[in-house]
> 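Attaching a single structure in structure tokens format; questions to follow.
Bear in mind that the values here come from a model prediction, so they are computed numbers and not experimental data. Just so you know, ligand 1 is whichever comes first in the structure, and atom 1 is the first atom listed for that ligand.
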Amino acid sequence: MKVILFGATGMVGQGCLRECLLNASVESVLAVGRRPTGQRHAKLREIVHDNFLDYSAIESQLAGYDGCFFCLGVSSVGMSEERYRHLTYDITLAAATTLAKLNPGMVFIYVTGQGTDSTERGRLMWARVKGKTENDLLKLPFKAAYMFRPAGIQPLHGIRSRTAWVQAIYVAAAPVLSLLNRVAPKYMTTTEQVGRAMIRVARDGYPRPVLESEDINRF
Ligand SMILES: NC(=O)c1ccc[n+]([C@@H]2O[C@H](COP(=O)([O-])OP(=O)(O)OC[C@H]3O[C@@H](n4cnc5c(N)ncnc54)[C@H](OP(=O)(O)O)[C@@H]3O)[C@@H](O)[C@H]2O)c1
């Protein structure tokens with residue numbers, strides 16, 4: 001598979017990139033981000049892009065791909081609904097709409113989160129916005145789209161969150177998280193498991209469009 005990766009500099013994206021570079025099912029990775037990953041690999045090519053609502057300047061480089069792993073995303077903590085919607089819904093749908101037009105045979109995988117609200121009407125702002133984002137992604141004319149809803153994700157292999165407070169929690173709780181990952185797969189996964197599951201689902205499909213933590217941990 002030839003895949004495009006958004007958010008490769010983030011915690012989930014770094015995990016996904018690592019698995020893509022190691023996995024023989026992935027022939028090449030195009031990372032699209034606002035800064036370089038700092039990695040070099042024969043399978044990796046990067047585009048540093050500055051307007052995540054408009055891809056017209058790089059459209060010709062975004063065609064001919066089998067999969068997209070969309071790991072770009074932010075925490076809603078301390079953010080207004082308008083700003084969170086812009087960074088979550090607007091950016092994701094702008095990229096996905098462009099990719100669906102250029103790659104009708106593409107499988108699109110979006111990383112959302114446990115508790116995402118598919119009704120778009122619940123009490124939690126972040127869950128409503130993610131729910132609307134998921135729902136509209138599922139309407140686009142991709143070959144298939146899958147929504148990954150991990151709960152906690154333990155970063156492995158030296159991977160770090162871009163969000164300082166998230167990273168601090170993961171460092172402090174590392175021993176407990178390893179244990180939770182073994183005994184409570186409903187609530188905990190790892191960057192390695194998420195990346196590996198993305199590749200398998202893009203390649204082989206999955207019976208349901210929404211994957212919870214336990215589904216992700218099956219691979
Ligand atoms: N971490 C978890 O435990 C966890 C659990 C469940 C779900 N998730 C979801 O997984 C997704 C990724 O989370 P993460 O933990 O990997 O986050 P992260 O470490 O903070 O990384 C965020 C990524 O998104 C990019 N990004 C953020 N704002 C951007 C913008 N305005 N324009 C372009 N790129 C932007 C960042 O690029 P820069 O490097 O340039 O900042 C980075 O690549 C999020 O949707 C999150 O809700 C995370």
> Quick one: look up the protein heavy atom nearest atom 48 (C) of ligand 1 and list residue, atom name and how far away it is.
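Sorting protein heavy atoms by distance from atom 48 (C) of ligand 1 puts Ile153 CD1, 4.0 Å first.
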> Could you tell me whether Arg162 approaches ligand 1 through its side chain, its backbone, both or neither, with non-hydrogen atoms closer than 4.0 Å?
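Both the backbone and the side chain of Arg162 come within reach of ligand 1.
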> With a 3.5 Å cut-off and no angle check, do the side chains of Thr37 and Glu46 form a donor-acceptor pair?
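Distance-only check passes for Thr37 and Glu46.
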> Give the residue and atom name of whichever protein heavy atom lies nearest to atom 13 (O) of ligand 1, and the separation in Å to one decimal.
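It is Val12 CG2, 3.9 Å.
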> Which residue and atom name correspond to the protein heavy atom nearest atom 8 (N) of ligand 1, and how close is it?
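I find the closest protein heavy atom is Thr112 O, 3.7 Å.
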> Could you label the plane-to-plane angle of the Tyr55 and Phe6 rings as parallel, tilted or perpendicular, counting under 30° as parallel and over 60° as perpendicular?
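The arrangement is perpendicular - the two ring planes meet at more than 60°.
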> Between Arg149 and Glu212, does any NZ, NE, NH1 or NH2 come within less than 4.0 Å of an OD or OE carboxylate oxygen?
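Yes, charged N to carboxylate O under 4.0 Å.
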> Short list, please: which atoms of ligand 1 are under 4.0 Å from a heavy atom of Thr163?
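It comes down to these atoms of ligand 1: 20 (O).
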> Would you say Thr88 touches ligand 1, if touching means a heavy atom closer than 4.0 Å?
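It does not, in that no heavy atom of Thr88 comes within the 4.0 Å cut-off of ligand 1.
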> Under a plain distance cut-off of 3.5 Å, with no hydrogens placed, do Tyr89 and Asp136 share a side-chain donor-acceptor pair?
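Side-chain D/A pair, Asp136 to Tyr89: present.
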> Under 4.0 Å from any heavy atom of Val111, which atoms of ligand 1 are there?
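Under 4.0 Å from Val111, ligand 1 has these atoms: 9 (C), 10 (O), 45 (O).
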> Could you tell me if any non-hydrogen atom of Tyr170 lies under 4.0 Å from any atom of ligand 1?
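In this structure, Tyr170 qualifies as a contact of ligand 1 - some heavy atom is under 4.0 Å.
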> What is the closest protein heavy atom to atom 25 (C) of ligand 1, and at what distance does it sit?
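Protein heavy atom with the smallest distance to atom 25 (C) of ligand 1: Leu72 CG, 3.9 Å.
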> Is it the case that over 12 heavy atoms from other parts of the model lie below 6.0 angstrom from the CZ atom of Arg45?
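Result for CZ/Arg45: enclosed.
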> For ligand 1, which atoms have a heavy atom of Gly7 less than 4.0 angstrom away?
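The list of qualifying atoms is 43 (O).
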> Is it true that atom OH of Tyr170 has more than 12 heavy atoms of other residues, nucleotides or ligands lying nearer than 6.0 Å?
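Above 12, so yes.
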> Does a side chain donor of either Ser178 or Gln154 reach within less than 3.5 Å of an acceptor in the other side chain?
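There is such a pair (donor and acceptor under 3.5 Å, judged by atom type) between the side chains of Ser178 and Gln154.
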> Numbering the atoms of ligand 1 from 1, which are under 4.0 Å from a heavy atom of Leu87?
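Within the 4.0 Å cut-off of Leu87, ligand 1 contributes 31 (N).
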> Got the closest protein heavy atom to atom 6 (C) of ligand 1, with its distance?
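Checked against all protein heavy atoms, atom 6 (C) of ligand 1 sits closest to Ala151 O, 3.3 Å.
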> Identify the closest protein heavy atom to atom 21 (O) of ligand 1: which residue and atom is it, and at what distance?
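Scanning the protein heavy atoms, the shortest distance from atom 21 (O) of ligand 1 goes to Gly10 CA, 3.1 Å.
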> Would Ser56 and Glu59 count as having a side-chain donor-acceptor pair, cut-off 3.5 Å?
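Side-chain D/A pair, Ser56 to Glu59: absent.
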> Specify the protein heavy atom at minimum distance from atom 15 (O) of ligand 1: its residue, its atom name, and the distance to 0.1 Å.
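Scanning the protein heavy atoms, the shortest distance from atom 15 (O) of ligand 1 goes to Met11 CB, 3.7 Å.
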> Near Cys71, which atoms of ligand 1 are under 4.0 Å from a heavy atom of that residue?
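Taking each heavy atom of Cys71 in turn, ligand 1 has 11 (C), 12 (C) under 4.0 Å.
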> Between Glu134 and Thr112, is any side-chain donor less than 3.5 angstrom from a side-chain acceptor?
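Indeed, the side chains of Glu134 and Thr112 share at least one donor-acceptor pair under 3.5 Å.
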> Is it the side chain (CB and beyond), the backbone, both or neither of Tyr110 that lies under 4.0 Å from ligand 1, heavy atoms counted?
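Under 4.0 Å from ligand 1, Tyr110 contributes no heavy atoms.
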> Tell me: protein heavy atom nearest atom 22 (C) of ligand 1, and distance?
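Among all protein heavy atoms, the one nearest atom 22 (C) of ligand 1 is Gly73 O, 3.2 Å.
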> Could you tell me whether Asp117 and Lys130 make a salt bridge, using a distance below 4.0 angstrom between a side-chain N and a carboxylate O?
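Lys130 and Asp117: not salt-bridged.
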> Side chain, backbone, both or neither: which applies to Lys130 and ligand 1 if a contact is any heavy-atom pair less than 4.0 Å apart?
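Side chain only; the backbone of Lys130 stays clear of ligand 1.
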> What verdict does the side-chain hydrogen bond (donor to acceptor under 3.5 Å, both in side chains) test give for Tyr206 and Arg218, after you've listed the backbone C-alpha separation in whole Å, the side-chain angles of each residue and the deciding distance to 0.1 Å?
CA-CA 11 Å; Tyr206 199 70; Arg218 289 216 171 96; 2.9 Å; yes
> Check each atom of ligand 1 against the heavy atoms of Val74 and keep those under 4.0 Å away; list them by number with element.
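Result: 27 (C), 28 (N).
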> Out of all atoms in ligand 1, which are within 4.0 Å of some heavy atom of Ser161? Include the element for each.
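Reading through ligand 1 atom by atom, the close ones are 19 (O).
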> Which atoms form the tightest heavy-atom contact between Phe219 and Ala197, and what is the distance?
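Minimum heavy-atom separation between Phe219 and Ala197: CD1-CB, 3.5 Å.
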